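Given the structure is predicted, the values throughout are model-derived calculations rather than measurements.
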Amino acid sequence: MAMTMNGEVQLAAPREAVWTKLNDPEVLKACIPGCEELEKTEDNGFRAVAKMKVGPVSARFKGRVTLSDLDPPNGYRISGEGEGGVAGFAKGGATVALADKDGGTLLTYNVEAQIGGKLAQLGQRLINGSAKKLADEFFANFAKAVQG
């Protein structure tokens with residue numbers, strides 16, 4: 001099952017500060033809902049473990065994330081895949097762009113992902129609703145982290 005999502009968030013911080021936090025594993029770990037482990041790897045990426053619940057399905061996902069097309073402090077592409085055992089798998093990517101706006105930074109994101117296994121059987125509306133909720137939660141946490 002394929003899924004797309006996009007949005008933008010206005011952050012009250014300069015672009016360089018937002019960029020730094022977007023690349024800081026401690027900040028990301030604190031902002032990602034359900035994240036238990038997040039460590040930087042040598043290849044511009046991260047290894048992660050996150051516990052997620054989507055409708056009736058709970059799973060611990062283990063995965064890898066890679067950053068590419070790095071253009072500091074303007075944005076990057078993030079791609080990754082996670083394995084959740086019986087629950088299934090998720091893989092996809094997102095482009096993240098930063099721009100100066102209203103004395104702060106406008107962060108714009110476009111996500112495309114594919115999921116399979118038990119998760120894919122839950123139906124598009126439940127999956128999209130859960131993904132939107134996770135994204136909203138991440139950006140609310142990230143906005144707080146950026147504003148100190």
Side-chain angles (χ1 to χ4, degrees), residues 3-101 104-120 122 126-148:
M3 182 186 80
T4 58
M5 186 172 49
N6 51 48
E8 53 184 46
V9 184
Q10 178 68 30
L11 300 164
R15 200 159 30 132
E16 285 73 17
V18 174
W19 174 261
T20 302
K21 297 239 191 285
L22 267 182
N23 287 281
D24 182 334
E26 288 306 307
V27 172
L28 294 175
K29 181 182 176 190
C31 295
I32 297 169
C35 189
E36 296 175 349
E37 291 172 36
L38 186 72
E39 54 186 48
K40 212 164 176 50
T41 55
E42 314 72 57
D43 55 356
N44 269 346
F46 301 96
R47 206 175 8 262
V49 177
K51 195 170 184 180
M52 305 267 167
K53 183 167 171 40
V54 180
V57 178
S58 277
R60 176 174 273 120
F61 281 88
K62 292 183 174 153
R64 293 181 48 75
V65 175
T66 310
L67 304 180
S68 57
D69 300 339
L70 282 98
D71 178 18
N74 304 309
Y76 57 47
R77 176 158 182 76
I78 182 168
S79 24
E81 49 191 86
E83 191 56 58
V86 185
F89 71 89
K91 66 180 178 182
T95 52
V96 177
L98 303 177
D100 295 326
K101 184 178 180 201
T105 303
L106 182 69
L107 182 153
T108 309
Y109 62 93
N110 288 293
V111 178
E112 50 327 301
Q114 292 173 325
I115 56 169
K118 214 181 242 188
L119 281 174
L122 293 174
L126 181 58
I127 294 294
N128 285 345
S130 296
K132 172 99 177 81
K133 188 173 161 250
L134 285 169
D136 290 347
E137 205 175 314
F138 170 82
F139 286 111
N141 293 344
F142 188 72
K144 280 186 209 137
V146 165
Q147 285 149 18

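- Between L107 and L22, the closest heavy-atom pair is CD1-CD1, 4.2 Å.
- With rounding to the nearest 0.5 angstrom, the CD atom of E26 is 10.5 Å from the CD atom of E39.
- Residue V54 comes nearest to S130 through the heavy atom pair CG1-OG, 3.5 Å, listed as atom of the first residue, atom of the second, then distance.
- Here CG of N74 is found 8.0 Å from CH2 of W19. Values are rounded to the nearest 0.5 Å.
- The only member of L106, V18, L98 that meets side-chain contact (heavy atoms from CB on, under 4.5 Å) when paired with L11 is V18.
- Contact between P73 and R15 at its shortest, heavy atoms only, is O-CG, 3.2 Å.
- Screening N44, N23, D71 for a side-chain contact (heavy atoms from CB on, under 4.5 Å) involving Y76 leaves a single residue, N23.
- Here the side chains of L122 and P56 are in contact, with some heavy-atom distance below 4.5 Å.
- The distance from the OH atom of Y109 to the OG1 atom of T95 is 11.5 Å, given to the nearest 0.5 Å.
- Applying the side chain to side chain donor-acceptor pair (under 3.5 Å) criterion to E36, with sequence neighbours excluded, gives R60.
- When all heavy atoms of A30 and N141 are compared, the pair lying nearest together is O-ND2, 4.2 Å.
- Counting only heavy atoms from C-beta outward, the side chains of I115 and M3 never approach each other to under 4.5 Å.
- Distance CG/L38 to CZ/R47: 10.0 Å, rounded to 0.5 Å.
- Scanning all heavy atoms of the two residues, the minimum distance from F61 to M52 falls at CD1-CG, 4.0 Å.
- The environment of K51 atom NZ is sparse: at most 12 non-hydrogen atoms of other residues, nucleotides or ligands sit within 6.0 angstrom.
- Scanning both residues, A13 and T105, for their nearest heavy atoms gives O-OG1, 2.6 Å.
- Note that NZ of K29 is 7.0 Å distant from CD of E37, once rounded to the nearest 0.5 Å.
- For the atom pair CG (L67) and NZ (K40), the distance works out to 6.5 Å, reported to the nearest 0.5 Å.
- For K133, the NZ atom counts as loosely surrounded, since its 6.0 Å shell holds 12 or fewer non-hydrogen atoms of other residues, nucleotides or ligands.
- Among L70, N110, D69, the one residue that satisfies the side-chain contact (heavy atoms from CB on, under 4.5 Å) test with R77 is D69.
- The ring-ring contact (aromatic ring centres under 6.0 Å, His included) search around F142 returns F138, not counting sequence neighbours.
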